[in-house]
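Here is the structure we will look at, set down as structure tokens.
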There are 2 protein chains.
Amino acid sequence: MANEPAQFDAPDDPACYCRLGGVMELLSSKYAMQVLCIVNATGPTRFREIESLLGDASTSTLSARLDDLAAADLLTRTQYDGIPPRVEYDLTDDGRELAERLGPVLEWVGEREGAVGES
Amino acid sequence: MANEPAQFDAPDDPACYCRLGGVMELLSSKYAMQVLCIVNATGPTRFREIESLLGDASTSTLSARLDDLAAADLLTRTQYDGIPPRVEYDLTDDGRELAERLGPVLEWVGEREGAVGES
DNA sequence: CAGAATCCATTCGGATACTG
DNA sequence: CAGTATCCGAATGGATTCTG
């Protein structure tokens, strides 16, 4: 079983991995995939919480990313008026489906980094 | 069961989705994820084949991406001398593991685009 | 065929300062 | 707290040309 080919249901038409439209470019922008997975892990999440988890993202970049993800209907933005202001981001159904598929990718990346970069 | 939370084994520490090092930036560069999935679907693949599947990638960009992926030990590059020259790219074990996790993501993106953008 | 090299427009993302 | 607005340097990716 060590030499069995991949067991997942990959389509045999490789062309399905091309021509994927603007969503791939969105996912390729900085922190996009991380944001989706973070919100999936924490549920409704506030701006500062995401920012502090990412650690090194500037407010302008994170703000842009959240806008992009909301515009793509992957995130919702809910504003609770009051002092102090409070805004929560959550996943749409589409966003959750995507985040669930991204999870294994980021987790694998994290394990690989952790296993290699032990300096 | 429609209201059950995500069933995959997401770690409950959202911080694991941050600090992922350079691999995420590589995946965020243009065509990187597609290339991995294409090669996973087709097996050892030649430069022009990848190029023609992608359709709109310039040779310089694709070349850079293949270099990056090989440098990250996700792809191998095998050169068969002769006329005409022939080079094949294939996945390393790490590359295959990653590609298998990326497959569902790209497939979902493809279905979503196809289902929505029918104009 | 498979690229390397060069040049360049565009974009992206970070820093900073300011608003409600 | 949760951003927006502005500015700017770095990096990216495309077009083109040339090579083995």
Side-chain angles (χ1 to χ4, degrees), chain A residues 17-36 38-39 42-72 74-90, chain B residues 18-36 38-39 42-72 74-91:
Chain A
Y17 297 116
C18 315
R19 297 288 175 188
L20 293 180
V23 175
M24 287 309 298
E25 305 198 2
L26 170 51
L27 289 185
S28 294
S29 58
K30 211 163 185 181
Y31 308 120
M33 298 190 266
Q34 283 98 321
V35 166
L36 289 172
I38 287 170
V39 176
T42 61
T45 315
R46 303 177 66 171
F47 187 92
R48 296 289 169 186
E49 191 175 355
I50 301 174
E51 190 176 30
S52 67
L53 282 170
L54 288 175
D56 58 345
S58 66
T59 68
S60 53
T61 301
L62 179 55
S63 180
R65 206 60 53 232
L66 290 168
D67 283 353
D68 297 342
L69 291 168
L74 296 170
L75 281 185
T76 59
R77 178 183 185 279
T78 306
Q79 180 164 355
Y80 302 92
D81 287 334
I83 304 292
R86 170 179 173 156
V87 175
E88 287 185 346
Y89 295 90
D90 200 359
Chain B
C18 317
R19 295 290 175 190
L20 294 180
V23 175
M24 288 309 297
E25 304 198 3
L26 170 51
L27 289 185
S28 294
S29 58
K30 211 163 186 182
Y31 307 121
M33 299 191 264
Q34 283 99 321
V35 165
L36 289 172
I38 287 171
V39 176
T42 62
T45 314
R46 303 177 66 171
F47 187 92
R48 296 291 169 184
E49 190 175 355
I50 300 174
E51 190 176 30
S52 67
L53 282 170
L54 288 174
D56 58 345
S58 66
T59 69
S60 53
T61 301
L62 179 55
S63 180
R65 207 57 55 234
L66 291 168
D67 282 353
D68 296 342
L69 292 168
L74 296 171
L75 279 186
T76 59
R77 179 183 184 280
T78 306
Q79 180 165 354
Y80 302 93
D81 287 334
I83 304 292
R86 170 176 173 159
V87 175
E88 287 185 349
Y89 295 89
D90 201 358
L91 295 171

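A note on names: the letters A, B, ... follow the listed sequences, proteins ahead of strands, and every chain is numbered from 1. Note that the structure is a prediction, hence the values are computed from the model and not measured. Every heavy atom of this structure was used, including side-chain atoms; hydrogens, water molecules and symmetry mates were not.
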Query raised in the report: Using a cut-off of 4.0 Å on non-hydrogen atoms, how would the nucleic acid contact of A/Tyr80 be classed: base, sugar-phosphate, or nothing?
Result: nothing
Requested in this report: Please work out if B/Asp67 contacts a base, only the sugar-phosphate, or nothing of the nucleic acid, heavy-atom cut-off 4.0 Å.
Outcome: sugar-phosphate
Between [atom2] on [N] and [atom1] on [X], what's the gap in Å once rounded to a whole number?
X	N	atom1	atom2	value
A/Tyr89	D/dC1	OH	P	14 Å
B/Glu51	C/dA2	CD	P	9 Å
A/Asp68	C/dT11	CG	P	14 Å
B/Asp56	D/dA15	CG	P	9 Å
B/Asp81	C/dA2	CG	P	13 Å
B/Leu26	D/dA11	CG	P	16 Å
B/Lys30	C/dA9	NZ	P	18 Å
B/Gln79	C/dA4	CD	C1'	13 Å

Which listed nucleotide ([options]) is nearest to the side chain of [X]?
X	options	answer
B/Thr59	C/dA4, D/dA2, D/dG3	C/dA4
B/Arg77	C/dA2, C/dG14, C/dA17	C/dA2
B/Tyr31	D/dG14, D/dG3, C/dC1	D/dG14
A/Ser60	C/dG13, D/dA2, C/dG14	C/dG14
B/Pro85	D/dA2, C/dA2, D/dG14	C/dA2
A/Ser58	C/dG3, C/dG14, D/dA15	C/dG14

Query - Qualifying residue for side chain to side chain contact (heavy atoms under 4.5 Å, CB included) with A/Leu75, from A/Asp67, A/Leu69, A/Asp68, A/Thr45 - result: A/Leu69
Report task. Map B/Phe47 and A/Thr61 onto DNA chain C by nearest heavy atom, then report which one ends up closer to the 5' terminus. Result -> B/Phe47
Query - Sidechain-backbone polar pair: A/Ser58 side chain, A/Thr61 backbone, donor-acceptor under 3.5 Å - result: yes
Requested in this report: Give a yes or no on whether the backbone of B/Asp90 and the side-chain of B/Thr76 come within a donor-acceptor separation of less than 3.5 Å.
Outcome: yes
Query raised in the report: Given D/dG13, is OP1 or OP2 found less than 4.0 Å from the side-chain N or O atoms of B/Arg65?
Result: yes
Requested in this report: Give a yes/no answer on whether the side chain of B/Arg46 brings an N or O atom under 4.0 Å of OP1 or OP2 in C/dC1.
Outcome: no
Query raised in the report: Between the side chains of B/Ser60 and B/Ser63, does any donor sit under 3.5 Å from an acceptor?
Result: no
Requested in this report: Validate the cation-pi geometry between B/Arg86 and B/Tyr80: distance from NZ or CZ to the six-membered ring centre under 6.0 Å, angle to the ring axis within 45°.
Outcome: yes
